Undergrad: 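Have a look at the structure that comes next, please.
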Amino acid sequence: MRSSQFFISTQKEAPADAELISHQLMVRAGLIKKLGSGLYNWMPLGLRVLRKVEAIVRDEMNKAGALELLMPAVQPRELWEETGRWAVFGPQMLKIQDRHEREFCFGPTHEEVITDIARKEINSYKQLPLNFYQIQTKFRDEIRPRFGVMRAREFLMKDAYSFHTSHACLENTFNRMHQAYSNIFTRLGLKFRAVKADSGAIGGDGSQEFHVLADSGEDGLAYCECSDYAANVELAEAVVVGQRMTGVETMQIVDTPKQTACEDVAKLLGIGIERTVKAIALMAKEGIENEQFYLVLLRGDHQLNEVKLTKVEGFHDFRFATEEEIRSHLNCPPGFIGPVGVLDQVKVIADQTVAVMSDFVCGSNQPKRHLSGVNFGRDLPEPLVVADVRNVVDGDLSPDGQGVLSLCRGIEVGHIFQLGAKYSQAMQATYLDEGGKSQVMEMGCYGIGVSRIVGAAIEQGNDENGIIFPLSMAPFAVVICPIGYHKSDAVKQAADTLYQALQQAGVDVLLDDRAERPGVMFAESDLMGIPHRIVIGDRGLADDQVEYKQRQQAEAQNVSLADITQHILTQLN
RNA sequence: CGGGGCGUAGCGCAGUCUGGUAGCGUACUUGUCUGGGGGACAAGGGGUCGCAGGUUCAAAUCCUGCCGUUCCGACCA
């Protein structure tokens, strides 16, 4: 491609709403342009990148035995009524009507449609297993679209759905998909990690997420250096160490005039924050109407894990209590509340780490006062429920007993689920087994955020000059920057010849034949993240030399004009 | 949905408090000089100041309503 024939529209300044570096660079390099909130135009340069990602995903899916199809983006309401998800999915689903006022949604996912295909098309065990996938535009009306294509409302996703006669067969395909995903992210040149995950709204049992590692990632991950244990923090199990020691202190009131946070109380008393206990007031639904007031106890330096709490009996549906509710149940303002001496109607649940603490400090339920030397059994009853409801922290023991956990952040780019019979049961996707008996299919589902990958890759690869794309997804592999293309016949001839040679060798090459100054060409090719650059100028040509530089290298090297084609091909392998 | 910010040229912003000729940088066009990291000079083009009402002789500016957008708390590839 010649730059003069292409569409390059770079900007020096990023739009004010671009917060993440990847978002800023994607707009500045002219990969994407915003149309509306969470809606982006993929410009020719950006589309080249997106297509390269797509091609790798498609190739590995095909290799793993999945079959590509394409389902409609728009789906009828009736199908979603069958699984009950028309109501469950909520405002995240974009609902639309046709001219007959029939209701549809713009598909946020395709379980219903694919299961409909399966129940219509699959009759016999002889047809199974099957794994269908598509690369399709989805729409989710996100509460807060942000970060450019990383959390857009409309996005490109690869989604696959497999059908099986047995759980063992499902596991087999699940493992194959796990391998395929590893292959995909490896080929894309990304630093990534597979972690155990919560299956969320999609449902199902076994669930693994694939994360591109980046400090700006929205998910916290816990992993073990000594083993292959890795999990989303939402799910990562906290291991309790030791047993409760017998208390030796007596319970005392301590004045804490201004100290409400555990950290400040600990500082005032000159003790470690890990000796404090905080109480979080919640209202949990009991039955349809009633709500129960709860205190959840956590060690002062720990944080509540809402996903874990949801799984505790009785906390299926909870919310944080308001200040008024706290005052009316405890007769005390927030900041000084605690589990000692509370009324019977206040139920106390303790994180398992708290349950083994003794001689701890907690709120007194009196303004400006805390209690020290507090012990379960003596100063307050044993907690009603003990459960793992906190986030793991750096240095916690790994649940597999192999060392300790470290934390990092990641961008979720893939998620694979074992759905089981959730959708096939609801929609009666059945087949006849060897005995002629009707059976419900087992299902798996496997997603990759194709457009998100582009943002994630840039989040991982950038410097002060712009994007550093891995070769696998760069819009062009090589850029030729001729100095004085329109002034020097020698330069023009050398550049044109090299351009043709590389093209014939099948290299994705961009020839910057614009009448731009060198500085502009360098700045723009760096911004766009093109991995290899060749500079041709009269100065070097006098000695039959051209300049070669990789995007992430600081210094260029001279290569003879005769060798440059081969040199590039070697670099690209 | 709750709370804050912002809507002025493609992009980044000033001007609004204190009403009176719509501005700056960048990008764009033309010319000259330049020519190895977004070059210099000169001359240009581009705006119903988010929309609709209202106050006023006069509104980007003040008032009301709406819309969009964005940031902070509950979703997810």
Side-chain angles (χ1 to χ4, degrees), chain A residues 8-19 24 27-28 30 33-39 53 57 88-93 108-110 135-147 149-160 181 197-202 207 209-212 218-219 232 234 306-307 310 317-320 322 410-417 445-456 464-466 481-488 491 515-527 533 535-540 546-547 549 554 556:
Chain A
I8 294 173
S9 70
T10 60
Q11 287 170 207
K12 283 185 186 171
E13 288 188 90
D17 59 33
E19 196 184 346
Q24 294 171 6
V27 175
R28 281 191 52 211
K33 299 283 172 184
K34 185 162 104 166
L35 178 65
S37 177
L39 304 172
V53 175
V57 170
V88 172
F89 226 91
Q92 241 201 113
M93 188 154 68
T109 177
H110 280 72
I135 297 177
Q136 172 62 296
T137 297
K138 313 271 189 191
F139 192 98
R140 293 184 192 174
D141 199 352
E142 294 282 349
I143 296 150
R144 210 147 78 72
R146 57 186 152 171
F147 306 151
V149 299
M150 209 95 88
R151 180 173 293 279
R153 292 196 293 177
E154 188 177 302
F155 59 100
L156 191 64
M157 179 174 169
K158 186 285 301 176
D159 48 328
Y181 276 36
D198 183 60
S199 50
I202 307 282
S207 165
E209 287 169 353
F210 286 77
H211 286 261
V212 165
E218 292 188 86
D219 284 275
N232 194 308
E234 285 183 346
E306 297 181 38
V307 172
T310 306
D317 193 359
F318 73 89
R319 61 178 176 83
F320 291 99
T322 63
I411 300 163
E412 186 186 356
V413 289
H415 202 157
I416 58 179
F417 303 82
C445 112
Y446 321 94
I448 287 184
V450 177
S451 46
R452 178 179 281 185
I453 284 174
V454 178
E464 64 281 0
N465 293 325
C481 300
I483 313 290
Y485 185 82
H486 297 276
K487 294 279 172 67
S488 161
V491 168
E516 287 290 355
R517 301 166 60 85
V520 173
M521 293 193 282
F522 298 157
E524 292 192 341
S525 63
D526 279 356
L527 180 58
R533 185 182 80 191
V535 180
I536 301 178
D538 277 322
R539 212 165 63 190
V546 298
E547 244 174 58
K549 186 176 104 58

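So you know, we letter chains A, B, ... as the sequences are listed, proteins then strands, and number each from 1. Bear in mind that the values here come from a model prediction, so they are computed numbers and not experimental data.
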Undergrad: Would you say the side-chain atoms of A:Arg140 pair up with the backbone N or O of A:Pro108, donor to acceptor, closer than 3.5 Å?
TA: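 Flag set: sc A:Arg140 to bb A:Pro108 pair under 3.5 Å.
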Undergrad: So A:Arg153, base contact, sugar-phosphate only, or nothing? Heavy-atom distance under 4.0 Å.
TA: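 The answer is nothing, as A:Arg153 stays clear of every strand by at least 4.0 Å.
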Undergrad: Starting the side chain at C-beta, find the nucleotide from B:rG36, B:rG38, B:rC75 nearest to A:Ala523.
TA: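 Of the candidates, B:rG38 comes closest.
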Undergrad: Using heavy-atom distances to pick each residue's nearest nucleotide on RNA chain B, tell me which of A:Arg28 and A:Glu234 is more 5'.
TA: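 Result: A:Arg28.
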Undergrad: Is there a donor N/O on one and an acceptor N/O on the other, under 3.5 Å, for the side chain of A:Glu13 and the base of B:rG25?
TA: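 Checked by distance alone, the answer is yes.
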Undergrad: Looking at A:Arg151 and A:Glu142, does any basic side-chain N land under 4.0 Å from a carboxylate oxygen?
TA: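 Salt bridge between A:Arg151 and A:Glu142, a charged N being under 4.0 Å from a carboxylate O: yes.
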Undergrad: Quick one: does A:Arg146 reach the base of B:rC71 with a side-chain donor-acceptor pair under 3.5 Å?
TA: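 By the distance-only test, no, there is no pair.
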Undergrad: How far does the C1' atom of B:rG23 sit from the matching atom of B:rU70, given to the nearest Å?
TA: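 25 Å, rounded to whole Å.
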Undergrad: Under 4.0 angstrom, heavy atoms only, what part of the nucleic acid is A:Glu412 near: base, sugar-phosphate, or nothing?
TA: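 Contact class for A:Glu412: sugar-phosphate only.
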Undergrad: Report the residues that fulfil ring-ring contact (aromatic ring centres under 6.0 Å, His included) with A:Phe210, sequence neighbours left out, ordered by chain and then residue number.
TA: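 Once residues adjacent in sequence are excluded, the partners of A:Phe210 under the ring-ring contact (aromatic ring centres under 6.0 Å, His included) criterion are A:His178, A:Tyr181, A:Phe185.
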Undergrad: Measuring from the side chain of A:Met157 (C-beta onward, heavy atoms only), which nucleotide among B:rA77, B:rG37, B:rC71 has the closest atom?
TA: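 Of the options given, the side chain of A:Met157 lies nearest B:rA77.
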Undergrad: In B/S/- notation, 5' to 3', how is nucleotides 1-6 of chain B contacted by protein heavy atoms closer than 4.0 Å?
TA: ------
Undergrad: For B:rG25 versus B:rG38, give the span between their C1' atoms, rounded off to a whole number of Å.
TA: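 Each nucleotide's C1' atom is 14 Å from the other's.
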Undergrad: Strictly below 4.0 Å: does A:Thr109 bring a side-chain N or O up to OP1 or OP2 of B:rA77?
TA: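 For B:rA77, OP1/OP2 do not have a side-chain N/O of A:Thr109 under 4.0 Å.
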Undergrad: With a 4.0 Å cutoff (strictly under), does any side-chain N or O of A:Lys34 reach OP1 or OP2 of B:rU70?
TA: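 Yes, because at least one side-chain N or O of A:Lys34 sits under 4.0 Å from OP1 or OP2 of B:rU70.
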Undergrad: Report the relative orientation of the aromatic rings in A:Phe320 and A:Phe318; use parallel for angles under 30°, tilted for 30 to 60°, perpendicular for over 60°.
TA: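 Aromatic pair A:Phe320/A:Phe318 classed perpendicular.
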Undergrad: Quick one: label A:Glu209 by what it contacts on the DNA or RNA (base, sugar-phosphate, nothing), any heavy atom closer than 4.0 Å.
TA: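 Touches nothing.
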Undergrad: What I want to check is whether an N or O donor and acceptor connect the side chain of A:Arg144 with the base of B:rC76 at under 3.5 Å.
TA: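 It does not, because no donor-acceptor pair links the side chain of A:Arg144 to the base of B:rC76 below 3.5 Å.
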Undergrad: Can you tell me how far C1' of B:rC76 sits from CZ of A:Phe417, to the nearest Å?
TA: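 Computing the A:Phe417:CZ to B:rC76:C1' distance gives 9 Å.
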Undergrad: Rounding to the closest angstrom, what is the interatomic distance between B:rC75 and B:rC17 at atom P?
TA: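 That atom pair is separated by 43 Å.
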Undergrad: Sugar-phosphate atoms are those with a prime plus P, OP1 and OP2; base atoms are the rest. Using that split, label each nucleotide of nucleotides 27-34 of chain B B, S or - for protein heavy atoms under 4.0 Å, 5' to 3'.
TA: S------B
Undergrad: For A:Ala152, report the nucleic acid contact type (base, sugar-phosphate, nothing); a contact means any heavy atom under 4.0 Å.
TA: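 Base, at least one base atom sits under 4.0 Å.
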